[in-house]
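Here is the structure we will look at, set down as structure tokens.
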Amino acid sequence: MSNFESNVREALANPQNQGEIADADAVGTVGSPECGDMMRMWLKFTEKDGKKVIDRASFQAFGCQTAIAVASMATQLLKGKTEEEARHLSAQDLSGDLGALPPMKIHCGQLVEGALKNALDSNSLAAASVDSSLAPTLSSAIHQPVTGKIRIVPLD
Ligand code: FES
């Protein structure tokens, strides 16, 4: 068994931050057309040293073990990150101590990355209703290009 596989197995024994954050500021949902798996991520922000940072992140997965392990790791890594910092995290970054994603598992990490970006976008749209001069329009958010092989699939 590779290091990555044993790290995934270890993470699955005690996955962190599963389930809804009832008072979340942002929620994102994506589905992978490649495997049919889905991921939802919730974010709660707080103010720290004059900056808005992620206080809590959680997830719910209808997906493979790798996606669950990466989401568990990612929701821990996201604590204390600003929205801008979180936006720059790749699937590989989000897999953290699990190690580098093997080529066959990259789309599993991208599912987590997609859920995070979708949540951050939903947070930006919420801000748009307060200050419409800074944020994208609803139309531009819906039509923005999606990276990787992840397609955003709104459930509601
Ligand atoms: Fe679908 Fe891993 S096989 S996310």
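Indexing begins at 1, ligand by ligand and atom by atom, following the structure's order. Just the heavy atoms: all of them, side chains too, but no hydrogens, waters or symmetry mates, feed the values below.
- Atom-to-atom distance recorded for Gln60:CD and Met38:CE is 10.5 Å, nearest 0.5 angstrom.
- Contacts between Glu34 and ligand 1, counted as non-hydrogen atom pairs separated by less than 4.0 Å, are absent for every part of the residue.
- Of all protein heavy atoms, the one lying nearest to atom 4 (S) of ligand 1 is Asp37 OD2, 3.2 Å.
- In this structure, His107 has a heavy atom closer than 4.0 Å to ligand 1.
- To the nearest 0.5 angstrom, Glu113 atom CD is 10.0 Å from Gln92 atom CD.
- The two atoms that bring Leu94 and Met73 nearest to each other are O-CG, 3.5 Å, heavy atoms only.
- For the side chain to side chain contact (heavy atoms under 4.5 Å, CB included) criterion with Asp25, the lone passing option out of Asp55, Asn123, Thr46, Ile54 is Asn123.
- Between Ser58 and Glu20, the closest heavy-atom pair is OG-C, 4.0 Å.
- Proximity to Cys108 (heavy-atom distance under 4.0 Å) selects the following atoms of ligand 1: 2 (Fe), 3 (S), 4 (S).
- Of the candidates Cys64, Gly31, Cys35, Gly109, it is Cys35 that places a heavy atom closest to atom 1 (Fe) of ligand 1.
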